[in-house]
Amino acid sequence: MPEIINLSSKIKKQLPAELVNFMRVAGEMAYSQGQSLYLVGGVVRDLLLGQTNLDLDLVLEGDAINLAQQLIQIHQGKITTHPRFGTAKLQWDKWSVDLATARSETYVKPGALPRVKPGTINSDLFRRDFTINTMAIELNPSHYGELIDLYGGRDDLEHKLVRILHEKSFIDDATRIWRGLRYEQRLDFQLEPTTLELLKRNIPMLDTISGDRIRHELELILKEEYPEKILRRAEELEVLPKLHPALKGNGWLAEKFEQARQLSSPDLPPVGLYLALLAYPLTNEENEQLISRLRLPRSLARTLRDTNSLKTNLESLADPELSPSSIYRLLHGYSLPAIIANSLAGDSSIARRHMQLFLAKLRYVKPVLTGDDLKRMGVATGPNIKEILNLLQEARLDKKITSKQGEEGLVNSWLARKR
Ligand code: CTP
């Protein structure tokens, strides 16, 4: 008889009481309807590692949407359902829980999304990526807290190993190549030798993955605490060139990512800034290739294009004699992450200083007078308004005027000149 491991005291210790109560109630409700409910995936892994993870994933051998609808009545929250997949997301107060109907998957074609059908908890665990993610905890009252570990996940956690379940895993879904590197580096684990062999052999399968799915994986990487570690490992294993052959996961990138973190602290840097730094060494043409490989949405594509275009124009910002208004004029059309990326990654220290000045001060400088004020002072509606507002802003930037009276004086002399 395998040893029964009960994690109920760990659950109680590590998860907030509200979520623990939620799981108890959900387990009882499922049980009373003759169904079985389980806590699965990353949260189980992290419970065993003693790490905080509040993303509850529950799997039901039964109709998950139906159970979710009953549960949301207790919690008065929001429910989002996906009938095609038999999944539901519950959100109430500050909590969010995913409920899924246990399912099995078959991969008809490498890289495409799998065909799914209802299944048991065993088949649901078997469809997953790595052993450390295949553990589940029973939530039914009679077995509450009992660990289900069909594939040696706990052993692999102990030995700090990332191991796939079967040798076709990376062929079925090559995004697991990126996921494997992400877990390996996040947890400071190692890819188990056969897994590493298969990963290397199946790198060409990354070409079967759509831009949207690859972008999603890259975004997950850029949301990690130290994305540069994953990118360095990806370069070492020749996974990174599959994103684009000109990308580098080197020491330079690590230094820039660290600077981005210091700048963004206490938050993590936004994905767009990391991405702009990653793409920084690319030429314009390579940049376009990356944008289309990742099918970047408009705002991220703009960040990369702006970063590249500003990079090629940095010389004009490297003149030490530039006035604040000239710095403003050279920079204000670029998106913010592009300016920040260049202020971290640009070669010229003068240009960097000018960008820092823009970011910290110049971009906030505005005249006090508004378009309506100008009309009241006698300026005719039309392009004149914009012209004078620009004049006022320039004078403010260069500290030629520093008060409302100063602005009014400038408007009056403009009007006098026009008369
Ligand atoms: N999964 C998978 N193959 C994928 C994506 C996900 O097998 N390509 C499985 C994994 O077992 C994972 C679960 O689906 O545990 C949920 O996916 P996700 O939310 O991405 O992972 P978590 O483990 O919840 O999150 P984390 O990144 O913290 O591990």
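Both counts, for ligands and for their atoms, begin at 1 and track the order of listing. Since the structure is predicted, the reported quantities are computational estimates derived from the model, not experimental observations.
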Within the 4.0 Å heavy-atom sphere of ligand 1, strictly under, residues: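 Heavy-atom contacts below 4.0 Å: Gly41, Gly42, Arg45, Asp57, Arg127, Arg128, Asp129, Asn133, Asp173, Thr175, Arg176, Arg179, Arg182, Tyr183, Arg186.
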Please tabulate, one pair per line, all N/O donor-acceptor pairs under 3.5 Å involving side-chain atoms of residues 131-141, not counting sequence neighbours.
from	atom 1	to	atom 2	distance (Å)
Thr131	OG1	Asp156	OD2	2.6
Asn133	OD1	Arg45	NH1	2.7
Asn133	ND2	Asp129	OD1	3.0
Asn133	ND2	Tyr183	OH	3.4
Thr134	OG1	Thr131	O	2.6
Asn140	OD1	Leu37	N	3.3
Asn140	ND2	Gln35	O	3.4
Asn140	ND2	Ser36	OG	3.2

Residue pairs passing the side chain to side chain donor-acceptor pair (under 3.5 Å) test where at least one lies in residues 197-208, sequence neighbours excluded: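 Residue pairs with at least one partner in residues 197-208: Asp207-Lys242.
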Closest contact, heavy atoms only, Ala30 versus Leu60: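 Of all heavy-atom pairs spanning Ala30 and Leu60, the closest is CB-CD1, 3.7 Å.
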Residue from Phe126, Tyr151, Phe130 passing ring-ring contact (aromatic ring centres under 6.0 Å, His included) with His166: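 Filter result, single survivor: Phe126.
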Evaluation steps, salt bridge (Lys or Arg N to Asp or Glu O under 4.0 Å), between Arg232 and Glu235: CA-CA 5 Å; Arg232 178 184 45 77; Glu235 170 161 307; over 6 Å; no
Donor-acceptor list for residues 363-372 side chains, cut-off 3.5 Å, not counting sequence neighbours:
from	atom 1	to	atom 2	distance (Å)
Arg363	NE	Leu359	O	2.8
Lys366	NZ	Arg363	O	3.2
Thr370	OG1	Asp372	N	3.4
Thr370	OG1	Asp373	N	3.2
Thr370	OG1	Asp373	OD2	3.3

